[in-house]
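Chain letters run A, B, ... following the sequence lines, proteins first, then strands; residues in each count from 1. Any value given below was found using the heavy atoms of this structure, including those in side chains, with hydrogens, waters and symmetry copies removed.
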Number of protein chains: 2
Amino acid sequence: MSSHPQLCHSDCDDCPIRHRAVCAHCDTSELEELEQIKYYRSFEAGQTVIWSGDQMSFVGSVVSGIASLTQTMEDGRTQMVGLLLPSDFVGRPGRDGAPYDVVATTDLVMCCFRKKPFEELMARTPHIAHRLLEMTLDELDAAREWMLVLGRKTAREKIASLLSIIARRDASLTKRGMSGPMVFDLPLTREAMADYLGLTLETVSRQISALKKDGVIHLEGKRHVTIPDMGRLMEEAGDDTDGGFLV
Amino acid sequence: MSSHPQLCHSDCDDCPIRHRAVCAHCDTSELEELEQIKYYRSFEAGQTVIWSGDQMSFVGSVVSGIASLTQTMEDGRTQMVGLLLPSDFVGRPGRDGAPYDVVATTDLVMCCFRKKPFEELMARTPHIAHRLLEMTLDELDAAREWMLVLGRKTAREKIASLLSIIARRDASLTKRGMSGPMVFDLPLTREAMADYLGLTLETVSRQISALKKDGVIHLEGKRHVTIPDMGRLMEEAGDDTDGGFLV
DNA sequence: AATGGACCTTGACCCAGATCAAGTAGGACC
DNA sequence: GGTCCTACTTGATCTGGGTCAAGGTCCATT
């Protein structure tokens, strides 16, 4: 927590990332006000947090686990339109209905703020409003980057893109750097990856096997991944070799 | 203009949509301030308005013509990640670099505001900041809806989705209703449609021919489209038959 | 240690859409 | 009226990824 000392107070350990997403610059009285309207919710893997069309009564952020934003067609085809990792923010201040399902992809703990009072706080706290706009622009950038993945990349490039996103996020959350080999556990099933990438689970499986055979990744078991050379992975993803590290 | 009387002042005819995107509720002094920092720019079809990575010195909105947000891979594959129709807003207040190219897809006129003073105005005018957040959330919703199109729809459904978006936007801009047959000119080449849909131009052409043969659309020349039955088109798009009309 | 079930892998085959290649339509300009 | 050019169409063929089907692996439960 050393990099965000201003966030740290009593219950840091309880919910280490709880305020990072919302208010990196909140003063004490604002933090206390947030404290008042804060509560935690847990979900089991597979549970739906919010149904598309429902009223959303809270905003909040992911403490642990993974949630995903999912759109479904009548015939059952589904597409994940967003992946929420720990510290990511969920919610649409000023809006009522959810435009898509929010699903707990793993066991999930969320730190929530009641929506009405949060909006009121936001209305009289410009820097929170500003922060919300920032976060929304970030989400928009991520969504548009993903449109390129969905529209133009091959299956192999799609897998490599997903792996590099997860690896990067994991590195930044655990404060390990990006140099040297990266090691992490895949938090998604093959099917969830397929839904995120616009593929079938069989194709995901085949491409992961191929990347493994080619030495781009190592696998222990089905989920434990080692990436010996991050640059190589990003080439496989078809990304500009630089730049991507910024996200 | 009758539905937005508060926007109408001297130069309504000159730039009818100029403020609609930004400030439906601005008072006179705010409008005058905007007036001071406003200027127009014109582009020819094919010109690049902003290069990815460039500093953006303005925010603004499209007066006439079409612009598109485009991402390109090193090998030339390109994906449109946004379509800017008249009255749509461009710009990222609080951010400097553009994350993708903005390209004039047809001849284009934009109404721009100088960025620095616009941001200052925004900082002390909460309802403008709020409006910006609203617009960004709308863009995010649109981007995510498009992710479903890119990831899970067939070529035929993709074309139908694009046509119904254009038809709806056209209807709302010209204030014609959605009842009865819809008539409009396609503002995009087959290639631009392909770039938006993650297809090749040949596939676009074939699917348009197929929709025509099946009576879902009528074509006069290559661009003039009549949609006899909007509901039918939306079924072809695989959309929920209701709801979509809201956008 | 056997059973069951979720998750994953691999093979065989198929098809939607890409690719390659001609050709057509229509507008601008001489 | 011809010729050029850009935008589009259509056909023939190929292929990446989908579909269908058969196992395999790893746990949790008994």
Side-chain angles (χ1 to χ4, degrees), chain A residues 44-47 66 73 75-79 104-107 149-163 185-214 217-225 236 238, chain B residues 44-46 66 73 75-79 105-107 149-163 185-214 217-225 236 238:
Chain A
E44 284 172 30
Q47 270 190 289
I66 301 220
M73 294 172 68
D75 62 8
R77 281 176 280 176
T78 75
Q79 175 67 50
T105 298
T106 63
D107 289 346
V149 173
L150 290 173
R152 293 302 185 192
K153 290 194 178 177
T154 65
R156 175 186 257 246
E157 288 168 335
K158 285 178 175 183
I159 298 288
S161 299
L162 179 57
L163 290 175
D185 285 305
L186 270 179
L188 300 174
T189 64
R190 303 293 187 257
E191 187 181 22
M193 289 189 247
D195 283 343
Y196 198 37
L197 295 166
L199 298 170
T200 60
L201 69 91
E202 292 95 331
T203 298
V204 170
S205 179
R206 274 186 252 271
Q207 295 300 334
I208 287 179
S209 300
L211 289 172
K212 180 180 162 188
K213 185 166 67 65
D214 298 346
I217 62 175
H218 295 251
L219 266 186
E220 263 169 76
K222 293 154 195 294
R223 298 291 192 92
H224 193 75
V225 182
E236 291 285 352
Chain B
E44 282 171 32
I66 301 218
M73 294 172 68
D75 62 7
R77 283 177 280 176
T78 75
Q79 175 67 50
T105 299
T106 64
D107 288 347
V149 173
L150 289 173
R152 293 302 185 191
K153 290 195 179 179
T154 64
R156 176 187 256 245
E157 290 168 335
K158 285 178 175 183
I159 298 289
S161 299
L162 179 56
L163 290 174
D185 285 305
L186 271 179
L188 301 174
T189 66
R190 302 293 188 256
E191 188 181 23
M193 289 189 247
D195 283 343
Y196 198 37
L197 294 165
L199 298 171
T200 58
L201 69 91
E202 293 94 330
T203 298
V204 170
S205 179
R206 274 187 251 273
Q207 295 301 333
I208 288 179
S209 299
L211 288 173
K212 179 180 162 187
K213 185 166 70 62
D214 299 345
I217 62 175
H218 294 249
L219 266 186
E220 261 169 76
K222 293 152 195 296
R223 299 290 192 94
H224 193 73
V225 181
E236 291 284 351

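- Here B/Thr154 does not reach the OP1 or OP2 of C/dA16: none of its side-chain N or O atoms lies under 4.0 Å away.
- Contacts of B/Gly198 with the nucleic acid, taken as non-hydrogen atoms under 4.0 Å apart, involve only primed sugar atoms and P, OP1 or OP2.
- B/Glu191 contributes no side-chain N or O that forms a donor-acceptor pair with the base of D/dC8 under 3.5 Å.
- The shortest heavy-atom contact between A/Gln207 and A/Ala155 is CG-CB, 3.8 Å.
- Between the side chain of A/Thr106 and the backbone N or O of A/Ala45 there is no donor-acceptor pair closer than 3.5 Å.
- Atom CE in A/Met193 sits roughly 15 Å away from atom P in D/dG18 (whole-Å rounding).
- Rounding to whole angstrom units, NZ of residue B/Lys212 and P of D/dC8 are separated by 13 Å.
- Summarising the geometry, atom CD belonging to B/Glu236 is positioned 9.0 Å from atom OG1 belonging to B/Thr154; distances are rounded to the nearest 0.5 Å.
- The closest donor-acceptor contact from the side chain of B/Lys212 to the backbone of B/Ile217 lies at 3.5 Å or more, if one exists at all.
- At whole-Å resolution of the value, CG in B/Leu150 and P in C/dG17 are 13 Å apart.
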Scan nucleotides 24-26 of chain D against the protein and return all N/O pairs shorter than 3.5 Å with their distances rounded to 0.1 Å.
none

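- Between the two ends of the helix from C/dA1-D/dT30 to C/dC30-D/dG1, each summarised by a five-pair axis, the helix axis turns through 30° (rounded to 10 degrees).
- The separation between B/Gln207 atom CD and D/dG11 atom P is 14 Å, rounded to whole Å.
- Inter-residue side-chain proximity for B/Gln79 and B/Leu150 is flagged as met; some heavy-atom pair is nearer than 4.5 Å.
- In this structure, A/Asp195 and B/Arg152 have side chains that are in contact, with non-hydrogen atoms separated by less than 4.5 Å.
- Proximity of B/Thr200 to the phosphate of C/dA18: a side-chain N or O atom is located under 4.0 Å from OP1 or OP2.
- Looking at B/Arg190, its side chain never comes within 3.5 Å of a backbone N or O of B/Leu201 through a donor-acceptor pair.
- In this structure, A/Thr203 contributes its side chain and A/Leu199 its backbone to no donor-acceptor pair below 3.5 Å.
- Remark: B/Arg156 is not in phosphate contact with C/dA16, judged by side-chain N or O atoms under 4.0 Å from OP1 or OP2.
- Contacts of B/Leu199 with the nucleic acid, taken as non-hydrogen atoms under 4.0 Å apart, involve only primed sugar atoms and P, OP1 or OP2.
- Here the straight-line distance linking atom CG of A/Asp185 with atom NE2 of A/His224 works out to 5.5 Å at 0.5 Å rounding.
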Collect all protein-nucleotide pairs involving nucleotides 12-14 of chain C in which both atoms are nitrogen or oxygen and the distance is under 3.5 Å.
| residue | atom | partner | partner atom | Å |
| --- | --- | --- | --- | --- |
| C/dA12 | N6 | A/Arg206 | NH2 | 3.4 |

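- Of the possible polar contacts, one joining the A/Asp75 side chain to the A/Arg77 backbone as a donor-acceptor pair under 3.5 Å is found.
- Of the inter-residue distances, the one linking B/Leu162 atom CG with B/Glu157 atom CD reads 14.0 Å to the nearest 0.5 angstrom.
- The separation between A/Leu201 atom CG and C/dT10 atom C1' is 12 Å, rounded to whole Å.
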Please report the C-alpha distance between B/Glu191 and B/Thr200 in whole Å, then the side-chain angles of each, then the deciding distance to 0.1 Å, and finally whether the side-chain contact (heavy atoms from CB on, under 4.5 Å) criterion is met.
CA-CA 7 Å; B/Glu191 188 181 23; B/Thr200 58; over 6 Å; no
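- Distances shown here put a side-chain N or O of A/Ser209 below 4.0 Å from the OP1 or OP2 atom of C/dT10.
- When rounded to the nearest whole Å, the span between CZ of B/Arg190 and C1' of C/dT24 equals 14 Å.
- Counting to the nearest Å, the P atom of C/dT10 and the CD1 atom of A/Ile208 are 11 Å from each other.
- In terms of phosphate contacts, A/Ser205 brings no side-chain nitrogen or oxygen within less than 4.0 Å of OP1 or OP2 of C/dC8.
- Remark: P of C/dT10 and CG of A/Leu211 are 13 Å apart, rounded to the nearest angstrom.
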